[in-house]
Amino acid sequence: MANYDLTSRIAPHLDRHLVFPLLEFLQERQLYAEDEILKAKIELLSQTNMVDYAMDIHKTLYHTEEVPQEMVDRRVQVVARLKSLEESVAPLISFLQNATLVQELRPDKQYNIQMLNDRFQIGVDQIEALYQYAKFQFECGNYSGAADYLYQYRALCTNSDRSLSALWGKLAAEILMQNWDIALEELNRLKEIIDSKNFASPLNQLQNRIWLMHWSLFIFFNHENGRNGIIDLFFQDRYLNAIQTNAHHLLRYVATAVIINKRRRNMLKELIKVIQQEQHCYKDPITEFLEYLYVNYDFEGAQRKLRECEQVILNDPFLGKHVEDGNLTTVPLRDEFLENARLFIFESYCRIHQCIDISMLAEKLNMSYDEAEMWIMNLVRNSKLEAKIDSVSGTVIMRTNHLNVYEQIIENMKNLNMRTHVLAKNILEPAQAATR
Ligand SMILES: *[C@@H]1O[C@H](CO)[C@@H](O)[C@H](O)[C@H]1NC(C)=O
Ligand SMILES: *[C@@H]1O[C@H](CO)[C@@H](O)[C@H](O)[C@H]1NC(C)=O
Ligand SMILES: *[C@@H]1O[C@H](CO)[C@@H](O)[C@H](O)[C@H]1NC(C)=O
Ligand SMILES: *[C@@H]1O[C@H](CO)[C@@H](O)[C@H](O)[C@H]1NC(C)=O
């Protein structure tokens with residue numbers, strides 16, 4: 001299953017702090033050796049200010065009380081930098097902590113900057129220091145402090161690149177604090193800027209979109225409205241394009257989102273098209289499941305894939321989130337996925353067959369006869385299929401309103417006829433005109 005783990009493909013598109021929750025998940029799932037995960041954590045932390053934490057992990061990993069000299073040196077550096085930053089930022093922070101004074105700020109950056117300069121001798125250097133300090137706090141793992149300072153910094157910052165960078169930082173901090181509502185707001189704000197800003201190169205803009213989609217996975221698979229959100233975002237032309245250009249692995253999340261979202265079934269067709277186009281660049285059991293079902297009409301194959309899908313979901317940091325319910329641990333998304341996927345299989349199957357044997361179906365769905373019958377009854381009630389169950393013979397009889405296969409072929413032939421006619425006309429007429 002480690003083959004299907006996307007962490008190494010996703011991590012390069014994340015802030016290193018965001019990789020941490022992924023490693024925590026993998027550690028819990030025991031998908032890799034514990035030592036490997038701990039080494040990866042130390043590697044991640046080496047570029048941050050969380051030196052004490054790195055030291056703790058080092059001690060656990062190597063069963064020692066000693067820590068390498070470079071960690072000790074790094075700690076000295078970090079403490080020194082903190083002191084110097086605190087000094088430069090002190091006047092501005094004490095201003096921002098005084099509610100009476102903060103009220104004097106107006107929704108006019110130029111005014112505020114002037115006012116701070118004239119009355120408090122706080123200039124651009126101090127404002128820059130606020131950015132550096134916020135970043136420093138973020139690197140220390142103080143995400144709430146960082147979020148506050150970045151918010152205040154953006155209200156005073158006039159450089160659009162810096163402001164964008166601060167917004168990315170704010171988004172990361174909100175994600176790490178699991179403030180999903182605010183994180184979603186920041187995500188939308190960021191998206192608007194990315195879509196409207198003039199980037200130095202189109203490649204740069206593309207990269208920003210790819211980052212945005214990766215970061216959004218945390219939000220969309222946690223926020224209550226995320227299931228619609230992910231489809232709305234990822235299917236926008238420019239974003240779908242970005243996936244197809246340089247982030248094929250995101251197809252797993254798009255596919256999962258479409259499968260579990262009953263209200264967005266209409267995206268299925270486009271999704272299948274994209275999966276087929278990209279099948280040489282990316283496939284996993286989830287995309288293959290859709291391919292087996294809707295391209296090859298291979299029900300056995302789809303059923304087989306479903307078992308692999310389950311494992312993929314359980315081992316995916318975004319999809320495999322579990323919930324403790326008393327003594328019971330459930331993975332809600334897995335259950336929903338399987339339920340919906342079986343529904344997909346059944347629906348496709350019913351479109352092709354007219355009379356379905358319930359025991360055969362029970363076997364295919366790995367259910368008892370009674371479970372299968374109950375399940376079909378619910379399904380028929382909830383779907384657009386028209387069917388009735390004949391309990392005596394143990395069959396479901398589909399009443400097909402839609403065209404059968406022969407009728408479909410004839411219908412397509414009509415279209416073909418029409419198109420040929422138009423085509424011929426388009427060629428013939430100019431030819432005749434030329435001859436004349
Ligand atoms: C806030 O600033 C005002 C004006 O400088 C000052 O009078 C007041 O004492 C300050 N309040 C606090 C809590 O520092
Ligand atoms: C995080 O930052 C806030 C705001 O500066 C500060 O009040 C808090 O003490 C910091 N927390 C830690 C653990 O340093
Ligand atoms: C949890 O486990 C205990 C002991 O095994 C059992 O007595 C209790 O009924 C269980 N609770 C639930 C909600 O299953
Ligand atoms: C069928 O379901 C049972 C439990 O409901 C499970 O133990 C078994 O592995 C499943 N078989 C297949 C082929 O999925």
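Just follow the structure's listing: the first ligand is 1, and inside any ligand the first atom is 1.
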>> Is there a polar contact between ligand 2 and S144, counting only N or O atoms under 3.5 Å apart?
In response: no
> Taking the six-membered ring of Y131, is NZ or CZ of R162 closer than 6.0 Å to its centre and within 45° of its axis?
Replying inline: yes
> Among protein heavy atoms, which sits nearest to atom 3 (C) of ligand 2, and what does the distance come to when rounded to 0.1 Å?
Replying inline: N142 ND2, 3.6 Å
> Any N/O of Y149 closer than 3.5 Å to an N/O of ligand 2?
Replying inline: yes
> Any sub-3.5 Å donor-acceptor pair from R264's side-chain atoms to V258's backbone N or O?
Replying inline: no
> So, does R252 use its side chain to make a donor-acceptor pair with the main chain of Y4 at under 3.5 Å?
Replying inline: yes
> Does K197 make a cation-pi contact with F199 (under 6.0 Å, within 45 degrees of the axis)?
Replying inline: yes
> Looking at atom 11 (N) of ligand 1, would you say a protein heavy atom lies below 4.0 Å from it?
Replying inline: yes
>> So that I can tick it off, tell me whether K305 and E308 are bridged by a salt bridge, with the cut-off set at under 4.0 angstrom between side-chain N and carboxylate O.
In response: yes
> Can you tell me the protein heavy atom closest to atom 1 (C) of ligand 1 and the distance?
Replying inline: N98 ND2, 1.4 Å
> Any protein heavy atom sitting closer than 4.0 Å to atom 14 (O) of ligand 1?
Replying inline: yes
>> Could you identify the single nearest non-hydrogen protein atom to atom 4 (C) of ligand 1 and state the distance to 0.1 Å?
In response: L101 CD2, 4.0 Å
>> Salt bridge or not between E174 and K170? Use side-chain N to carboxylate O under 4.0 Å.
In response: yes
